[in-house]
Each structure stands twice: as structure tokens, then as C-alpha cells.
Amino acid sequence: MTTREVAGFELRKVREHVWELPREGDMNVPARVLASESLLEEIGGDDTLEQLRNATHLPGIAAPALCMPDGHQGYGFPVGGVGAIDAENGCISPGAVGYDINCGVRMVRTDLTYDDVRGREEELVDALFEAIPSGLGGGGVIGGTADAIEGALERGVEWAVEEGYGVESDLARCEDEGRRLDARPEYVSQKAMDRGRNQMGSLGSGNHFLEVQRVTDVFREDVAAEYGLREDGIVVLIHCGSRGLGHQTCNDYLRRIEREHGDLLDDLPDKELAAAPAGSELAEEYYGAMGACINFAWANRQLITHQARETFGEVFDADPIDDLGMELLYDVAHNIAKKETHEIGVDADGNPAVGDAVADREERELYVHRKGATRAFPAGNADVPEVYRGVGQPVIIPGSMGAGSYVLRGGDESMSVSFGSTAHGAGRLMSRTQAKQEFWGGDVQDDLEDGQQIYVKAESGATIAEEAPGVYKDIDEVIRVSDDLGIGDKVARTFPVCNIKG
DNA sequence: ATGTAC
């Protein structure tokens with residue numbers, strides 16, 4: 001048996017790209033890292049492994065706590081973490097969802113080719129930057145009236161399309177059709193709504209961006225054709241979340257858990273893993289509030305999509321849908337928890353088990369926490385929209401602004417390996433603070449333009465430094481692991497053309 | 001990630 005010591009943790013190699021931290025002490029289950037040796041080494045460079053081990057202490061966790069190949073340290077629970085927790089006897093943890101509830105990515109395809117855009121990058125990047133609010137604080141594309149915010153929280157993309165910010169076909173091309181039916185806006189605080197009010201249709205800051213890209217490689221022709229992708233085609237990628245509204249909601253519930261469920265908290269190795277016991281009033285309220293924030297984030301990405309379509313229409317003097325073919329390819333959430341039914345291994349007593357201890361497999365309703373992890377359901381799954389059910393759901397994974405991104409399809413192994421999940425990005429290699437010491441925004445911007453013809457426009461130079469290509473892991477290596485494991489299969493690779501950010 | 005402040 002191969003073992004490897006990383007950052008003081010002894011990991012057992014289960015098979016290629018699967019590393020296990022065996023159960024010991026108060027761990028309820030083992031932990032597993034899905035990574036190549038080089039990525040594993042990078043994952044050991046911060047507190048990810050300790051956070052992953054801590055996550056195995058969560059009550060009711062029903063299978064190994066998982067770290068995707070792009071994992072890095074987060075608040076309590078690692079980014080790139082997947083935690084499947086019994087929805088009846090376990091718990092739900094806001095820290096295992098993340099502060100930016102339904103941070104996610106969508107891709108819009110077009111009929112344009114790189115030749116159509118070449119030489120017009122600056123015009124396009126300026127127009128997009130003008131049309132789409134970005135940066136910290138307020139200012140959205142629409143005013144947040146009481147009706148608008150209520151509609152977004154309750155009905156997500158459905159509300160936005162009804163208001164004219166999209167087309168009917170957008171709905172089917174979102175996870176959950178862009179609307180969580182179990183959203184309960186009444187459990188979102190007034191303070192959270194006030195923060196979201198002026199941010200409806202805004203990118204935000206940090207790693208959030210809108211990027212025009214060109215398809216450089218197609219790996220699976222048949223699937224790419226189903227997704228409407230072809231080599232040299234132009235696509236638009238939008239990465240953002242629920243802004244101050246989701247952030248405030250996460251904060252509100254973390255504070256309430258501290259006040260109302262201190263006992264559960266005292267048993268956990270890290271206070272930041274704060275969780276509400278399944279079945280408690282607080283768990284129900286958090287789940288409903290989280291669903292409303294999820295809807296808000298979807299409406300936000302829909303409003304930004306609308307602005308991008310309008311802008312392309314003006315720049316290319318054409319109808320964005322009829323002439324430019326700007327249809328939504330897909331929208332994926334990567335900071336969420338969701339009740340899903342999965343098969344888990346159980347021992348003779350019906351308790352969660354792995355390896356030799358597995359006596360049987362049983363279906364359980366679980367809170368699947370995906371924090372910096374993307375749902376990757378395979379072909380045939382009933383939750384994959386009908387248009388894609390034959391090939392598997394699209395999985396959109398952004399890399400850094402200097403490296404490009406990938407479109408994958410949910411792989412056949414994802415249900416048995418990772419509760420139907422894969423990576424969500426390249427994953428950070430260094431902190432924002434360190435990034436600002438290593439890079440200067442203006443220099444990064446000049447290098448991208450002069451060296452790679454990538455046009456970047458941002459509200460703040462500091463953000464460009466924080467997001468410099470050098471602060472990220474190798475996206476190709478992350479994707480190689482996903483593809484090798486069969487949890488998310490390579491369909492196409494893209495390369496940046498222009499990028500706007502906070 | 002984030003009105004970068006309890």
C-alpha cells in the first residue's frame with residue numbers, strides 16, 4: 001500500500017488520484033482528497049487538510065469528507081469541499097456552503113468567431129465595463145424595488161425572464177431551472193435584503209468577472225455539438241454570486257447557531273464549522289433562506305446576461321439572440337447545499353461505512369454541501385435538463401484570466417466517487433495578501449495584453465494583482481484529474497479574449 | 001467572498 005506524508009498528514013493511496021485520511025479519534029468518517037501527486041503537494045501548502053479532517057467531525061456526515069483537485073483553505077470547511085450529511089439525523093452547515101451563497105458560473109454561447117472580435121477587443125471590453133456594474137458596494141443594473149427583490153428571492157431566473165431580462169429557453173439551461181422551489185424569503189433578514197437591494201445585476205469584486213473567450217480545443221465533438229460549441233467560436237463566461245445579500249445571510253445564521261446551538265458547536269474542533277441540527281427550526285430556516293439567496297444569485301447572473309446580450313447587440317449592430325445566437329449554454333452553482341438522494345455504503349448496523357466495513361448500500365436523503373465544487377450529473381440523470389440528458393450536464397470551470405477555462409460534462413463515475421460533483425476552478429495557490437505583495441495590477445494587465453492579446457479592465461488594480469494568473473494552480477492539471485477519474489469529462493477548452501472585473 | 005469594523 002502506498003502512503004504519502006503531506007503537511008504532517010499520512011495519506012493512503014486508495015487508487016490513482018484518490019488519497020484517504022483514515023478514520024481515527026473522533027472522526028465520524030475518513031476523508032478523501034481527489035488529486036494528482038503535484039496537486040496534493042499544493043493542497044498541503046495551507047490548512048486544507050486540517051479543515052478537511054475537521055469536517056469529518058460534523059454530526060451525521062454519511063460518507064468521507066471530500067476535497068476536489070482544486071481545493072484550498074476556506075472559512076471552516078475547505079473550498080473545493082464536498083460534505084454529504086444525513087438530512088434526517090445530521091446537520092446543515094453554513095460554513096460548508098460558504099459566505100457567497102450560490103456563487104456560480106454561466107456560459108453564453110454565440111455564433112461569432114474570433115475573427116469577428118479581433119481588433120475590436122478594446123471597444124468590446126469598454127462597452128461591457130460600462131454596461132455592467134462591478135466592484136465593491138452598491139449599484140446594480142436595476143433599482144431594487146420591494147417587488148423586484150421579492151421576485152428574485154422567490155423565483156430567481158423565472159422572475160428575471162418574466163420581467164424581460166432573458167428568453168424562455170434560458171430557464172431550462174440552469175441547474176434547478178434557475179429556481180429553488182423550497183426558497184423561503186421570509187427567513188432572509190431585512191438587513192440582508194437592504195444590502196442586496198442596490199446590487200441586482202452587479203458583478204462584485206474578488207474573483208468575480210465577466211470574460212469573453214474563444215474556444216481553442218474541442219475534445220469530444222459530439223458533446224460539444226450538443227452544447228453549441230465549436231473551435232474558434234466566441235463564448236461569454238459570467239462568474240458571480242449573491243453579493244452582500246448572501247454574505248449577510250451566512251453571517252446572520254452563523255451568529256444564530258452560536259446563540260441557539262452552542263452545545264453542537266462545543267463538540268466541533270473548529271467553531272467555523274458551525275452547523276444546525278437537521279430537523280431543528282434553525283436548520284429549516286437556514287435552508288429556506290439559503291434557497292432564497294440562491295434564487296437571488298441566479299437572478300443576478302440573469303440580469304448580467306441581459307446586459308451582455310444588449311452590449312454585444314450594440315457593438316455588432318445585430319440582434320443578440322436571432323443574429324448572434326447568444327443562447328445560454330448552462331448555469332452552474334458552486335456554493336450550495338441541497339437535499340439529494342444518494343446511495344451510501346453502510347455496515348451491518350446501518351451506519352455509514354467505507355472499504356471493508358461496507359455490508360450493504362442504502363439510499364439516503366442527504367444535505368449535499370458543495371463549497372467550491374460543481375454538480376456534475378452524468379447522462380441519463382433525471383435532474384439533467386432534457387436538452388442535455390443524452391450527454392450529461394455541462395460543467396463550466398473557469399481558470400485564471402491568463403490561462404483559460406474548460407467546459408466538461410458530468411461523468412459516469414461522479415455519482416459513485418463524489419456525490420455527483422467535480423472541481424469548480426483552478427484553486428488559489430496563495431492568499432490575496434501575498435498576491436498583492438508579489439504582483440502589481442498594472443504590470444499584470446500590460447503583460448496580458450502585450451503577451452497574450454487579453455484585454456482586462458477592472459475597477460481596482462489591487463483586484464487584478466489578487467487575481468494574477470500566477471496565484472492559481474494549473475487548471476489543466478485540475479481538469480486532467482477530473483477527466484481521469486471520470487467525474488467530469490473534458491469537452492472543450494477556452495482562452496480569454498477580454499475580461500472585466502471589480 | 002464581503003458597505004475589508006463588534
Side-chain angles (χ1 to χ4, degrees), chain A residues 46-48 51 70-81 93-105 133-140 144 149 188-200 202-210 238-259 271-272 274 289-290 293-294 296-298 300-301 304 332-337 369-374 398 400-401 424-437 441 458-467 471-472 501-502:
Chain A
D46 58 24
D47 291 337
T48 310
Q51 292 188 332
D70 56 335
H72 61 95
Q73 169 184 338
Y75 175 89
F77 193 90
V79 176
S93 169
V97 170
Y99 267 94
D100 190 4
I101 297 168
N102 192 8
C103 182
V105 189
S134 65
L136 281 173
I149 199 142
V188 175
S189 70
Q190 189 59 51
K191 191 176 178 186
M193 286 197 280
D194 287 343
R195 284 183 67 175
R197 198 171 300 286
N198 293 316
Q199 303 182 325
M200 295 186 70
S202 66
L203 272 178
S205 183
N207 63 356
H208 290 164
F209 63 84
L210 179 148
I238 295 163
H239 177 202
C240 63
S242 51
R243 307 289 335 274
L245 182 134
H247 190 269
Q248 185 63 45
T249 301
C250 180
N251 228 316
D252 288 343
Y253 281 90
L254 286 170
R255 297 294 88 79
R256 275 189 65 188
I257 288 170
E258 282 172 11
R259 285 202 308 271
K271 253 169 65 93
E272 294 184 356
M290 179 195 62
C293 294
I294 288 172
F296 180 87
W298 271 324
N300 188 29
R301 290 199 284 278
I304 292 169
V332 294
H334 59 217
N335 276 20
I336 53 130
H369 298 69
R370 296 189 183 92
K371 180 187 186 181
T374 314
S400 78
M401 58 181 161
H424 83 307
R428 293 193 82 84
L429 269 177
M430 64 177 84
S431 69
R432 295 180 183 283
T433 316
Q434 198 188 337
K436 278 182 282 195
Q437 287 160 4
E459 282 287 341
S460 144
T463 304
I464 301 183
E466 289 173 3
E467 296 301 317
V471 317
Y472 283 98
K501 59 195 335 78

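When reading the values below, keep in mind they use all heavy atoms of this one structure, side chains included, and skip hydrogens, waters and symmetry mates. None of these values were measured; they are calculated from a predicted model. Note on naming: letters A, B, ... go to the chains in the order of the sequence lines (proteins, then strands), and numbering restarts at 1 for each one.
For the pair A:E467 CD and B:dT2 C1', the computed distance is 14 Å after rounding to whole Å. Spacing between atom CZ of A:R255 and atom C1' of B:dA5 amounts to 13 Å, rounded to whole angstrom units. Going from atom CG of A:N251 over to atom C1' of B:dC6 covers 11 Å, rounded to whole Å. The CG-C1' distance, from A:N335 to B:dT2, rounds to 13 Å in whole Å. A:L245 places its CG atom 12 Å from the C1' atom of B:dT2, with the value rounded to the nearest Å. With rounding to whole Å, A:R243 atom CZ is found 5 Å from B:dT2 atom P. Rounded to an integer number of Å, the gap from CD of A:Q248 to C1' of B:dC6 is 13 Å. Separating the CZ atom of A:F296 from the C1' atom of B:dT2 is a distance of 14 Å, rounded to the nearest angstrom.
As judged by a 4.0 angstrom heavy-atom cut-off over every strand, A:K191 is placed among the base-contacting residues. Among the heavy atoms of the strands lying under 4.0 Å from A:G206 are primed sugar atoms or P, OP1, OP2 only; no base atom is included. Contacts of A:E466 with the nucleic acid, taken as non-hydrogen atoms under 4.0 Å apart, are absent. The residue A:S205 sits close only to the backbone: its heavy atoms come under 4.0 Å of sugar-phosphate atoms, none of a base.
Proximity of the aromatic rings of A:H239 and A:H334 is defined here by a centroid distance below 6.0 angstrom, and this criterion is met.
With sequence neighbours left out, A:S189 forms a side chain to side chain donor-acceptor pair (under 3.5 Å) with A:D252.
Ionic pairing of A:K191 and A:D194 is not present here: no N-O contact between side-chain nitrogen and carboxylate oxygen is shorter than 4.0 angstrom.
Evaluated for a ring-ring contact (aromatic ring centres under 6.0 Å, His included) with A:H247, the options A:Y99, A:F296, A:Y253 yield exactly one hit, A:Y99.
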